[in-house]
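Below is one structure, written out as structure tokens; the observations come after it.
Quick note on labels: first sequence line is chain A, next is B, and so on, each numbered from 1.
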Amino acid sequence: MIKTEQLQHQVPVTDGVLTILKGINLSIKRGESIAIVGASGSGKSTLLGMLAGLDTPSSGKILLDGTEITQLDEEKRSAVRSKLVSFVFQNFQLLSSLNALENVMLPLEVANHPQAKQQAIEFLGRVGLAERHTHFPRQLSGGEQQRVALARAFASQAPILFADEPTGNLDTVTGGKVADLLFAMNKEAGTTLVLVTHDRALAQRCTRQYLMTAGELAELDT
Amino acid sequence: MKNLLTFIWRDWRGGELSILVFSVILATATVTSISLFTNRIQNSIQQEAAEFLAADVQVRSSMNIPDEWFEDANELNLQSAQIQSFRAMAFAKDAMQLATVKAVSNSYPLKGTLTIAENPADEGQIVSNGPAAGEAWIVARLMAALDIKTGDTVTIGDADLTVTSVLIKEPDSPQTFFGVAPRIMIHQSDVPRTGAVQVGSRVNYALLLAGENKQLDAFKTLHQDDFGNHFRWTTPQQGSQSLDQALQRAEKFLLLAGSLSVILCGVAIALAARRYATRQTTNVALLKTFGQSPNQIAKRYLAVLFVVASITLSLGFLSGWGLHILLLTLLADLLPANLAAANYSAYGVGALAGSVALFSFALPPLLALRKVPPAKVLREDSEDALISARLSAVIGFFSILLLVAIFSRDLAITAIVTVGCLVTIFGVGFLGWLTLQLGNLVASSLGQSWRLGLANLQRHQQVNALQIMIFASLFMLLFVLIASRTSLIGQWQSQLPTHSPNVFVFNIFNHEKAQIEEQLVANKIDHQPFYPMMRGRVIEVNGESITPRIEQTASHMNYERELNLTWAKNLGDDNKVTDGHWHDAESESLEVSAEADYAQGLGLVVGDKLTFSITAQEFTATLTSIRSVQWDSMNPNFFMIFNQPVLDDAATNWLTSFYLPPDKKAVLNQLTAAFPTISLIELDQMIAQIQGIISQVSMAIEFILLLVLAAGTLVLITSIQSTLDIRMQESAILRALGAPKRLVIRTLLVEFGCLGGMAGLLGAIAAEAALYGLQTRVFSLDYAPNSMLILIGPIMGALLVGMVGWLSTRSVVATPPLQVLRQLS
Ligand SMILES: Nc1ncnc2c1ncn2[C@@H]1O[C@H](COP(=O)(O)OP(=O)(O)O)[C@@H](O)[C@H]1O
Ligand SMILES: [Mg+2]
């Protein structure tokens, strides 16, 4: 489902160039869930962005469901994203001007989903927020906001889900509940999951784990 | 489409669009209302000026107007009328008096109305036509002099006419102080009966025309060859030199104020658009992760722009129209009852300005949203603008110039405003740099809040530079407006002091001078000096006929007509030598000083030898100086002033003027009875009319100043709002770090106060530059530096920006820091 070859990424900084990713080779099969752990600043988010086609690497290849995405232009890459991927972010990334239901509907509307509203209602129900449709993000707790984000991610029924520190902004108990929900929904939908976290316990719930150290990726034994 | 509307509705609901929407509506409404209001006032002023001519155009001549001309006018759908005026003796039972007769055709007047009364003391009634055949309308003073009343018979030349009314007011009152003063109005069909008009007698003819400008132009083209020769094309603008200058200035001011409001609104829109675009970056990045492509993003925001444009422009237009109606209602007492309609273009200017501003300011940043990197969702950096401040300043600068040019259609105003803005922009660079250097030097010796405030200023250098530029331009515009308003109104008030001369007496023979003076003194009337006065024309320049020069000139002036000439040792206050030098007291040769417009039109230069024809004698004088004359001073003024008497005393006529209080009107009757050959002009009507117009225009100016101030405040608020996020975050961090509230407030105050102070100083400097240009080029007034401005500018700036800044950021300090930080992340 996801495959990279010699993925390298460098960015220009004031004194020369900074190499964030140093030749990453990775292969993830359909339905697998993998975790990437590592210290802050080690390049986890950068890698995640590359895999999801949000950014292009300096060199190397990325295949998403058989499509080489590094060579695509931004228009085509958008189409790939629309078909294949969904996201959950550390800071939820809900639009503050939209209520819960509208936030969930947003990607469906972008993809011109014929039954955006029903689909969104259904998924809000699944994350246990059926009563909170009309609430705006500022009226929801952190855990609730992340559940809305989960509903939004799964409602689009994309085959791959990228989650960047989904529990990073939540306390342990709430984080645990959100994680439970994430794994349960993932299992049900059969989604390929790429999870970035520095929570070892969370990582262990994935089928495989990788450790990111200063731009280099190594698989951990489980 | 439905999706788009939903999207826009949600943006609106979330408050993202509101500042943009409001600023476009306000901009469009302000410009629309100002443009409608000023246009209608302008048109009314012109209409009123047209009433001074009783027509849109008068074709004047000393020759009879050919009959075909009336037919031509008819074919062109123009209304026409005729006036003949001449001097004749008027006889009553026991008295006789030399009078000026004005014979009018049926359709006179084409513009304006006449006021007549039964008895001299009556208030009078308004009528729209002149006397019928066999009737005579006579001004009160002449009736008194002839000792007749309505119903009596007056004999003009050989014709007996019945006096049916007292003539109180005629629309075309004397055009120049020395023009012919009508005293008796009769119907033109009675002219032959009088026998007063013979071959060789001096008659002035005027063809009155009214209608569409296009038709008038067509008429003018048709008889092109005759104008400038024996026929003179006179429009309201040329009709009265005194009124002309005052009105021109008023019109220019309205244009200037309108242009400034256009600029302010443009800036408000620019800021709001930029802020909207900047705040959309996170949303766009998120939408991109959902698979929305750059093109879809561009389309989406284009659609937003179009929907916003169509809604705001139409709402703005409607509210602008409403505002101008409201304005007219509020000012109903001061404005003429039937205000002229606005031109079609005046309706469109607001929407045009609004859309140019909206598209030129909002389109670039919104289109740039295409390029937002989607990976931004994974990073926690702040929302940086996608278009550099410098680029948007450049785009903004040119769009604003375009706006001003569209609005004012006046090169001088556009150029001056441009220079003002340039001074501001370059000033910002320099002043900003200087202040920051100074700040560095003194920072260590200052208190904590000063240090923090100055540090903030340095940190936000780019944002601040833009903001100072905006504030400074804002202050410049306000200063310019307030200063020009003050000087214009002051100018008008000073030129029309309440006791300015309202009576001119001329054609005084040398031997009458002493007696008249005696009588005035006996009645306790202060009079101006007696000026010698003669009529004459220039016939040769440097020994060559002036005819070729006249054919070349682009000026409207009639160079063949007789000019008012005088001689004087000293120069009046309202005259200024612009070239050459004033008469040398010692010089024995004949020297002359010419009025500037006249000299320019004929291409005269100092040193030329001018040959004059005065009462059939020729005199040659050296042109030693050229003078500008302030015609609207209501003082006697002359085209040519010699350095010594040209005619001997016995042949000289004299002129004087004085203020006559209303209760001493009888003095005029004594004068005319004792000196039947003198001519008198009462200026009351004209002065009242000028004062009326001036008070209207001043009202309009004051109101527009208010609107512009409102637009300015909007800019101030929008601009501060646009940097609020950064400041909120910083203050929250400061407070989270344990800084006391007081320190945060003071820091903000220092920052905003410094910004405002710098902007005020710059604004004052730029305003000074712009005012210099405006006073000398646009308003033709003397320029006097407003030294106080340099002082007041920074103080006002600091106070104003400090206050608005503090008010807008007050909430920052009131909310718990955590909440602020969370809202912003
Ligand atoms: N566009 C960029 N420009 C400069 N530095 C960057 C950029 N993107 C990431 N970095 C740097 O690369 C490193 C890895 O970042 P990131 O992938 O966000 O780490 P992680 O998610 O593991 O905390 C960090 O030091 C970050 O500052
Ligand atoms: Mg990260």
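- The shortest non-hydrogen separation linking Leu378(B) to Ser45(A) is CD1-O, 3.5 Å.
- Between chain B and the residues Asp164(A), Asn99(A), Leu95(A), Leu84(A), the most heavy-atom pairs under 4.5 angstrom are made by Leu95(A).
- In terms of modelled atom types and a separation under 3.5 Å, the side chain of Gln93(A) and the main chain of Leu286(B) share no donor-acceptor contact.
- Of the two parts of Phe162(A), neither the backbone nor the side chain holds a non-hydrogen atom closer than 4.5 Å to a non-hydrogen atom of chain B.
- Residue Lys61(A) qualifies as open at atom NZ: its count of foreign heavy atoms under 6.0 Å is 12 or below.
- Only the side chain of Arg152(A) comes within contact range of chain B, judged by heavy atoms closer than 4.5 Å.
- Within 6.0 Å of NE2 in His198(A) there are 12 or fewer heavy atoms belonging to other residues, nucleotides or ligands.
- The structure places CH2 of Trp9(B) at 12.0 Å from OG of Ser97(A), a figure rounded to the nearest 0.5 Å.
- Minimum heavy-atom separation, Gln292(B) to Arg81(A): O-NH2, 4.3 Å.
- By the side-chain contact (heavy atoms from CB on, under 4.5 Å) test, Pro294(B) is found to be paired with Glu74(A), Glu75(A), Ser78(A), Lys288(B), Arg370(B), residues two or more places apart in sequence or in another chain being considered.
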Where do Val377(B) and Phe87(A) land on the side-chain contact (heavy atoms from CB on, under 4.5 Å) test, with the steps shown first? CA-CA 10 Å; Val377(B) 286; Phe87(A) 295 89; 6.0 Å; no

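- Counting heavy-atom neighbours within 6.0 Å of Phe136(A) CZ, excluding the residue itself, gives a total above 12.
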Can you give me every donor-acceptor pair (side chain of residues 106-115 of chain A, partner residue at least two apart or in another chain, under 3.5 Å) with its distance?
unit_1	atom_1	unit_2	atom_2	d
Glu109(A)	OE1	Arg10(B)	NH1	3.1
Glu109(A)	OE2	Arg10(B)	NH2	3.1
His113(A)	ND1	Gln115(A)	N	3.0

